[in-house]
Amino acid sequence: MRELRVVGLEPDAKHVVLADPTTGDKFRIPVDDTLRAAARGDLARLGQIQIETTSQLRPREIQARIRGGASVEQVADEAGIPVAKVERFAYPVLLERSRAADMAKKGHPVRPDGPAVETLQEIVTQAFRARGHSLDEAEWDAWRDDEGFWVAQLRWHAGRSTNRAHWRYQPDAHGGTITALDDIAADLVDPDCGRPLRYLTPVYSARDVDDSTEAENAERHAPVALESPAAEEPAPEPVAAEEPAVTVGDEADASRAPQAPAKDKRGKPALPSWDDVLLGVRSNGRV
């Protein structure tokens, strides 16, 4: 780098004349805000001027993007400037976002019956403990939306998925109120916070369905073993009733009394046999 020395100002005082002490060549540069900031050693003003002249975004626009939730890297890529230059203007805004996130954690979630007594951080801690997560591994953040409200975000990892919950935070004298903006945020502040965030449904392949169908068909067509009936107990032998004693007179009366026709086992009158018909014997035993 060649060194130059200041020779003086031009008559209009709008340019500074410089000269090369070796060759005697002269140069001039305009007297502007960049030269004045460099002469004073004001690095902040000098960096701001550089951004205004080389970037598509002004410092105020950079801070507005950061306040709206953009990261330093995103703004640097959009503006086409180094990250270090964006950090110079983003630092105070990032502090503002961090303070807003801390305030939102102390807010009270709004439920159908009114604001909860517990704070957002207390309720979320209980929900994470019920689901087996650790709140220490989660990240809090906040930014302003297009309507000017602060939006608090909680981001954490569960397995291979990244979960994000968002609430709208409105500060007041009692710590502020919290309103859920998505389903995950509503589940975390729900009184029944023990249930999991996501419900898993078993997925069956075509092979599993075919195997289950074959098992059902095999079970349906399997022979059924019938139990052998219990051996029937032999019927008790009939006990002959004692015949009453018959006197001579009673025997004569009995012989004169008409005798009832004999009946078979089914209670029907017994038919005479073929021999009885040929010999002329009646069914009552008389000829």
Side-chain angles (χ1 to χ4, degrees), residues 1-107 138-155 162 164 166-173 175-176 178-179 181:
M1 182 181 294
R2 296 167 61 184
E3 293 184 0
L4 304 176
R5 63 183 178 86
V6 178
V7 175
L9 293 174
E10 289 187 346
D12 58 0
K14 294 182 178 180
H15 292 83
V16 177
V17 179
L18 305 175
D20 186 348
T22 304
T23 61
D25 296 338
K26 292 184 179 181
F27 306 89
R28 72 175 187 174
I29 57 175
V31 180
D32 52 12
D33 292 339
T34 304
L35 181 60
R36 295 188 184 96
R40 293 193 307 266
D42 190 352
L43 299 179
R45 176 58 181 165
L46 184 61
Q48 181 177 358
I49 294 173
Q50 291 177 353
I51 292 177
E52 291 177 353
T53 56
T54 60
S55 173
Q56 299 178 359
L57 299 176
R58 296 181 177 273
R60 185 174 297 178
E61 295 174 348
I62 292 176
Q63 292 184 341
R65 299 290 179 87
I66 298 295
R67 188 176 289 107
S71 63
V72 175
E73 292 75 13
Q74 291 174 346
V75 176
D77 293 340
E78 183 179 356
I81 57 178
V83 175
K85 293 183 178 181
V86 178
E87 289 177 346
R88 186 179 306 168
F89 304 98
Y91 181 73
V93 181
L94 293 176
L95 290 178
E96 182 183 0
R97 289 172 53 177
S98 178
R99 288 193 298 268
D102 292 338
M103 294 173 61
K105 290 189 290 185
K106 300 177 182 178
E139 298 178 0
W140 290 92
D141 195 3
W143 59 81
R144 285 191 181 274
D145 58 10
D146 297 336
E147 299 178 1
F149 294 100
W150 280 107
V151 176
Q153 173 186 270
L154 179 62
R155 183 170 65 93
T162 301
R164 293 180 177 86
H166 301 90
W167 298 272
R168 172 174 290 179
Y169 170 62
Q170 293 181 282
D172 56 25
I178 297 293
T179 305
L181 297 179

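The figures here come from the full heavy-atom set of this structure, side chains too, leaving out hydrogens, waters and symmetry mates.
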Name each donor-acceptor pair under 3.5 Å that joins a side chain in residues 148-155 to protein atoms two or more places apart or in another chain, with its distance.
residue: Gln153; atom: OE1; partner: His166; partner atom: NE2; Å: 2.9
residue: Arg155; atom: NH2; partner: Glu139; partner atom: OE1; Å: 2.4

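- By the salt bridge (Lys or Arg N to Asp or Glu O under 4.0 Å) test, Asp20 is found to be paired with Arg2, residues two or more places apart in sequence or in another chain being considered.
- Applying the salt bridge (charged side-chain N to carboxylate O under 4.0 Å, His left out) test to every pair with at least one member in residues 98-107, sequence neighbours left out, gives these pairs: Asp102-Lys105.
- The neighbour count for Tyr91 OH, taken as heavy atoms of other residues, nucleotides or ligands under 6.0 Å away, does not exceed 12.
- The salt bridge (Lys or Arg N to Asp or Glu O under 4.0 Å) check on Arg144 picks up nothing, with sequence neighbours excluded.
- Listed here is the closest heavy atom pair of Pro92 and Gln63: CG-NE2, 4.2 Å.
- Within the model, atoms OG1 of Thr179 and CD of Gln170 stand 6.0 Å from one another, a figure rounded to the nearest 0.5 Å.
- Pro171 pairs by the side-chain contact (heavy atoms from CB on, under 4.5 Å) definition with Met103, Tyr169, not counting sequence neighbours.
- Proximity of a side-chain donor or acceptor of Asp172 to a complementary backbone N or O of Gly175 within less than 3.5 Å is detected.
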Only pairs under 3.5 Å count here: list side-chain donor-acceptor contacts from residues 64-76, not counting sequence neighbours, and write none if there are none.
residue: Arg65; atom: NH1; partner: Glu78; partner atom: OE1; Å: 2.7
residue: Arg65; atom: NH1; partner: Glu78; partner atom: OE2; Å: 2.3
residue: Arg65; atom: NH2; partner: Glu78; partner atom: OE2; Å: 3.4
residue: Arg67; atom: NE; partner: Glu96; partner atom: OE1; Å: 3.2
residue: Arg67; atom: NH2; partner: Glu96; partner atom: OE1; Å: 3.4
residue: Ser71; atom: OG; partner: Gln74; partner atom: N; Å: 3.3
residue: Gln74; atom: OE1; partner: Ser71; partner atom: N; Å: 3.2

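- A distance of 10.5 Å separates CD1 of Ile62 from NZ of Lys85, quoted to the nearest 0.5 Å.
- Across Arg168 and Asp145, no two heavy atoms sit closer than the pair NH2-OD2, 3.4 Å.
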